[in-house]
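A, B, ... follow the sequence lines: proteins, then strands. Residue 1 opens every chain.
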Protein chains: 2
Amino acid sequence: MQGKQDGTLRRSPTVTLASLARELGVNVSTVSRALSERPTGVSAATVATVRRAAEQRGYRRNLAARTLRTGRSFTVGMTVARLTDVALASVYGGVDEASIHAGYTTFVANTLDRADLRRRRLDLMLGRQVDGFVLADSHLDGAAIGQLDDLRVPHVLALRGLPGRLSVTTDDLVGGRLVAEHLLGLGHRRIGVVAGDVLASTGEQRTRGFLDTLDEAGVDVPQHRVVPGLFDVRSGVESAAQILATDPDVTAIFATSDAAAIGVMATLRDLGRRIPEDVAVVGYNNLDLAEALPVPLTSVDSRLFDVGTQAMRTLLELIGGGSPGSLSLEPRLVVRASTVP
Amino acid sequence: MQGKQDGTLRRSPTVTLASLARELGVNVSTVSRALSERPTGVSAATVATVRRAAEQRGYRRNLAARTLRTGRSFTVGMTVARLTDVALASVYGGVDEASIHAGYTTFVANTLDRADLRRRRLDLMLGRQVDGFVLADSHLDGAAIGQLDDLRVPHVLALRGLPGRLSVTTDDLVGGRLVAEHLLGLGHRRIGVVAGDVLASTGEQRTRGFLDTLDEAGVDVPQHRVVPGLFDVRSGVESAAQILATDPDVTAIFATSDAAAIGVMATLRDLGRRIPEDVAVVGYNNLDLAEALPVPLTSVDSRLFDVGTQAMRTLLELIGGGSPGSLSLEPRLVVRASTVP
DNA sequence: CTGAAAGCGCTTACAG
DNA sequence: CTGAAAGCGCTTACAG
């Protein structure tokens, strides 16, 4: 069992179009035609014979050869800040599913929201002849936007949008508005915001939709109560501490991600504040986790998996020569005990 | 700006070895040699000239052609149950980093711990000429193990091991032991276990190391207090509820994942039990989250990122013709407020 | 050190 | 409907 123990196995001779053709006594082009998705210019009988033989021999088309010949790799690349962010892993899940369904495979790369890493990963993927990109790490700064112009293949932004670019997002302005209306309805007037990364359209729009709605209702949120950062737990901890240090009387905090909201809750707990009696907390994304927290978290369902599948479908349409438009999915507020006891 | 809005850009003519050779007035084989990682049989001067031209023209090697010619794709495949499990995304992060460092790219696929999905994804990756596999979704059942024998390429198990197979894991027996010793030291004698998936070596070994240690100390854990399930939050919620229903007097619960531990905490909270005064809770993996929970979670650091990098390095050694051995990393207990107030 | 040639496995016009 | 041929871009023995 040596072969098993060292993780390798004897490699059996490769089955190719040529070997099948030889065995069947036909030309390799006939075999190729018979094995194409929608066989054309071959008799039904030949198709059947060839496919049976292919199946029997365990034929597996060599994608490298096909790619070299056709210029299409049936591979796409995806960039995200970090896959350990469950929200981003969810979007990838959707992309992956839609990819497989269409006969594609997706490379996914962690870029840590750094322009240099993204540049490197995009280059590597381009060298691998990807047919397109799903970019879920768009940044509203020059370097990041400039990179898009260098891409020589179709691409779609996912989750985070940019003005004038093809994208599939959730309507984050509406999401922020839903949260504001909910908190206003509960009587909150002194509210803090853990804004997340304001260079990501998600953080920016969720915050803006939220603040605009409060503003329309005549509720002011002073600048120092809107703290930018990242979307992780630590950022929530620190931003909340900052808000509560300058404004101990806030009655509610809105975080633009569930992870940050968990950090906010930790800070409140450390300070001995009860949730939601002393301070209400709202998150964003409605991860599975939100429901199961010690204090279940009110959050906005941002349909992350759907964002992924739709982004991939849009990309496929683009690759196929179509002209799809941008898509904005409707978010939905899910109310739980962190705002309503 | 039409080109930008629809996500595509005019495709400039491809730079190939042939086009560079023409431009430089040398043979394509010379260009190929000059551009190889460790140029051999070319003058230093030629290397310099060629590389300058390549850089200047923005040459990018066509991986499909190289793969077709050499039979190596510099691509590996990885399977995980689900990337939305932060623990698994962490392992992927390590694999990804080590891959890139070595000039490789990794495909990662969600298999949901289902043999049929895994079979399908492995086949697809095989068709893409992957040079090897990192398998992080091994199951101790026949179907899953049998599949490994069909793989015609080098492969390494990561995180979850199987007897007699090459693997890179954390020593889960020791991890379980560390938890047991900790709880014993705190005086706990009535303890429940949220065992997770017992078909995964992680869940099985962590539970076994834990129970064996208690047994050696003369502490019995009746079967009904050891509840199998998955590694997610929901499983933690349900398993804890089951334990507490049959045995309301337990003073500690060990969950084999942090996610499940969070579920356990939620259940305790719903029942009005204080953590750790009434019931102590221990998790596993030491995710970033553990530290920031309302009650910081005692957990075992399982060095997930390292498992990923080491698994990839082991695979590369195997691909390179070496005979690496299995690796078992040392876990470390991180004590926090969920066991010690 | 450099060149000329073969060939990896596939798809696809072009004949017949 | 089937065959024969060309060629995608690369690497690598084989000459010189």
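- Ion pair B:Asp123/B:Arg119 flagged as a salt bridge, since at least one NZ, NE, NH1 or NH2 atom sits closer than 4.0 Å to an Asp/Glu carboxylate oxygen.
- Between the side chain of A:Arg160 and the backbone N or O of A:Ala200 there is no donor-acceptor pair closer than 3.5 Å.
- Taking every heavy atom of residues 54-67 of chain B and every atom of DNA chain D, pairs under 4.0 Å involve B:Tyr59, B:Arg61, B:Asn62, B:Ala65, B:Arg66, by number.
- Both B:Leu17 and A:Ala44 lie near DNA chain D, and the one whose nearest nucleotide falls closer to the 5' end is A:Ala44.
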For DNA chain C, just give me the dot-bracket, please: Watson-Crick or G-U, both distances below 3.5 Å, ( ) intra-strand, [ ] crossing earlier pairs, | paired with another strand, . unpaired. |||.||||||||.|||
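- In this structure, A:Arg22 places its CZ atom 10 Å from P of C:dG9, rounding to the nearest Å.
- Nucleic acid contact for B:Ser32: base, since at least one base atom lies under 4.0 Å from a heavy atom of the residue.
- When rounded to the nearest whole Å, the span between CZ of A:Arg72 and C1' of D:dG9 equals 19 Å.
- With sequence neighbours left out, A:Arg51 forms a side chain to side chain donor-acceptor pair (under 3.5 Å) with no residue at all.
- Evaluation of the ring pair (Phe, Tyr, Trp, His ring centres under 6.0 Å) rule for B:Phe74 yields B:Tyr104 as partners, not counting sequence neighbours.
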Given the rule in the side chain to side chain contact (heavy atoms under 4.5 Å, CB included) test, do A:Leu83 and B:Asp96 qualify, once you have shown the distances and angles that lead to the verdict? CA-CA 11 Å; A:Leu83 237 19; B:Asp96 182 50; over 6 Å; no
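- For B:Thr75, the side chain to side chain donor-acceptor pair (under 3.5 Å) partners two or more places apart in sequence, or in a different chain, are A:Arg128.
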Using atom names, set out every protein N or O paired with an N or O of nucleotides 2-6 of chain D below 3.5 Å, distance rounded to 0.1 Å.
| from | atom 1 | to | atom 2 | distance (Å) |
| --- | --- | --- | --- | --- |
| D:dT2 | OP1 | A:Thr46 | OG1 | 3.0 |
| D:dT2 | OP2 | A:Ser43 | N | 3.3 |
| D:dT2 | OP2 | A:Thr46 | OG1 | 2.9 |
| D:dG3 | OP2 | A:Asn27 | N | 2.9 |
| D:dG3 | OP2 | A:Thr30 | OG1 | 2.8 |
| D:dG3 | N7 | A:Ser29 | OG | 3.4 |
| D:dG3 | O6 | A:Arg33 | NH2 | 2.4 |
| D:dA4 | OP2 | A:Asn27 | ND2 | 3.3 |
| D:dA4 | N7 | A:Asn27 | OD1 | 3.4 |
| D:dA4 | N6 | A:Ser29 | OG | 3.3 |

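- Scanning all heavy atoms of the two residues, the minimum distance from A:Gly161 to A:Thr169 falls at N-CG2, 3.7 Å.
- When rounded to the nearest whole Å, the span between CZ of B:Arg128 and P of C:dG9 equals 18 Å.
- Just one residue in the list B:Thr111, B:Leu112, B:Leu159 forms a side chain to side chain contact (heavy atoms under 4.5 Å, CB included) with B:Asp137, and that residue is B:Thr111.
- In this entry the distance linking CG of A:Leu68 with P of D:dT11 reads 12 Å, nearest Å.
- Of the possible polar contacts, none joining the A:Ser32 side chain to the A:Val28 backbone as a donor-acceptor pair under 3.5 Å is found.
- Here the side chain of B:Ser326 pairs a donor or acceptor atom with the backbone of B:Ser167 at under 3.5 angstrom.
- A donor-acceptor distance shorter than 3.5 angstrom exists from the side chain of B:Thr314 to the backbone of B:Gln310, with no hydrogens or angles considered.
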